[in-house]
A.B. asks: 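Below is one structure. I have some questions about it.
Each ligand, and each atom within it, is numbered from 1 in the order the structure gives.
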Amino acid sequence: MPAPTNNFKAAIARGEKQIGLWLALASAYSAEIAGSAGFDWLLIDGEHAPNDLPLISAQIAALNASPSHPVVRVPIGETWIIKQVLDAGAQTILVPMVETAEHAQQLVRAMKYPPEGMRGVGAMLARASNFGRITDYLTTANDEVCLLLQAESRAAIDALDEIAAVDGVDGIFIGPSDLAADMGFLGRPTAPEVQSVIEDGLKRIIKSGKAAGILTGDPSLAQRYLELGASFVAVGTDVTLFTQATATLAARFKDRPEAPPAGY
Ligand SMILES: O=C(O)C(=O)C[C@H](O)[C@@H](O)CO
């Protein structure tokens, strides 16, 4: 019995649009609720949400019956974290703050079992292999893991072509907030100067043959990125939705101003 087919990986490789939602509430319960909303993928944020490995694992489990594909963003691109998150059952990993092809090559090796890589062997005790029940997991897993890297600085944009050329990198996500900050537009990801770099970056990623991804809470921007050919696009976050919905409802019955539009 082989490792589960990664339909998300196959879809973005075909250039099919995959619409996602960012999960930063750090809750298996809310992740389970989002799992039936109809998104193609759900990003479990291990970088900016208070998610530790047990909580990430619980959210993966909560999405086990969901048609939405769980993507886990690790806090930093280090081999040991990728090993633990893959063993916890994630098939697709998003790595923030990647700026060089050399780092991308290290991350590819972290995702793959030998001889392609150096992923430690322990999955037969973990959810990745359904606790040993997927008997051919070790010899079939490499083809079903999916590595997405974040380009979110001027250095990363400068090295984008080299990073995209690394074999084993399945997609590149442009991080608007951190890119804006690095460009001197902190808190202004929609600044024209930032948007110009984002659009050029998306075009370069797509031209390289890799999948391009991004996050925006602005529907018109999301549509623009999809029209440019971005395939994995997150169109909002659970935190923003919850913040906005609760403030709007309270304002209807209390003498309170409606919440200002949040960042995402
Ligand atoms: O730089 C960005 O933008 C991202 O990488 C997405 C944000 O980190 C996301 O967590 C919303 O703030």
Side-chain angles (χ1 to χ4, degrees), residues 18-27 30-31 34 39 41-52 55-56 59 70-78 81 85 90 92-99 103-104 107 147-160 163 169-202 205 210-222 224-226 228 230-244 259-264:
Q18 296 291 287
I19 304 303
L21 180 72
W22 222 257
L23 303 184
L25 284 170
S27 160
S30 59
F39 291 98
W41 58 289
L42 295 169
L43 188 286
I44 299 168
D45 194 357
E47 184 188 14
H48 287 300
N51 276 314
D52 59 13
L55 196 41
I56 289 171
Q59 291 172 79
V71 178
V72 175
R73 177 160 73 171
V74 294
I76 191 170
E78 293 186 359
I81 294 175
V85 169
T92 302
I93 289 183
L94 176 66
V95 181
M97 298 293 187
V98 176
E99 295 189 321
H103 191 192
L107 295 168
L147 177 61
L148 308 173
L149 306 180
Q150 290 197 232
E152 44 191 348
S153 67
R154 289 165 296 173
I157 296 297
D158 290 344
L160 197 56
I163 294 170
V169 172
D170 298 291
I172 298 177
F173 173 102
I174 292 183
S177 301
D178 283 304
L179 177 60
D182 188 64
M183 289 178 63
F185 293 87
L186 179 62
R188 298 171 55 204
T190 58
E193 296 85 350
V194 178
Q195 288 301 308
S196 173
V197 172
I198 287 174
E199 293 205 4
D200 177 64
L202 291 173
I205 296 164
K210 299 294 172 72
I214 195 163
L215 160 67
T216 179
D218 180 330
S220 59
L221 269 182
R224 171 65 179 160
Y225 298 143
L226 289 164
L228 286 172
S231 50
F232 59 107
V233 178
V235 296
T237 78
D238 57 356
V239 167
T240 304
L241 292 169
F242 190 57
T243 304
Q244 293 292 311
Y264 281 89

A.B. asks: Are Q195 and R224 close enough that a side-chain donor and a side-chain acceptor fall under 3.5 Å?
C.D. replies: no
A.B. asks: Hey, is ligand 1 close enough to E152 that some N/O pair sits below 3.5 Å?
C.D. replies: yes
A.B. asks: Which atoms of ligand 1 have any heavy atom of H48 under 4.0 Å away?
C.D. replies: 8 (O), 10 (O)
A.B. asks: I'd like to check which ligand 1 atoms, numbered from 1 as shown, lie under 4.0 Å from a non-hydrogen atom of W22.
C.D. replies: 9 (C), 10 (O)
A.B. asks: Answer yes or no: does an N/O atom from P176 fall short of 3.5 Å to an N/O atom of ligand 1?
C.D. replies: yes
A.B. asks: How does D45 reach ligand 1, if at all, at less than 4.0 Å between non-hydrogen atoms: by side chain, backbone, both, or neither?
C.D. replies: side chain
A.B. asks: So which bit of L215 gets within less than 4.0 Å of ligand 1, heavy atoms only: side chain, backbone, both or neither?
C.D. replies: side chain
A.B. asks: For the CD1 atom of I174 and the CG atom of L215, what is their distance to the nearest 0.5 Å?
C.D. replies: 12.5 Å
A.B. asks: When you compare the side chains of Q150 and D178, does any donor N or O come within less than 3.5 Å of an acceptor on the partner?
C.D. replies: no
A.B. asks: Nearest heavy atom to atom 10 (O) of ligand 1 wins, so pick from M97, Q150, R73.
C.D. replies: R73
A.B. asks: With a cut-off of 4.0 Å, which atoms of ligand 1 are near a heavy atom of D178?
C.D. replies: 1 (O), 2 (C)
A.B. asks: Looking only at heavy atoms, what is the nearest atom pair of N51 and G46, with distance?
C.D. replies: CB-CA, 4.2 Å
A.B. asks: If I take atom CG from residue L94 and atom CZ from residue F232, how far apart are they, to the nearest 0.5 angstrom?
C.D. replies: 7.0 Å
A.B. asks: With rounding to the nearest 0.5 Å, note down the distance linking OG1 in T92 to CG in L42.
C.D. replies: 12.0 Å
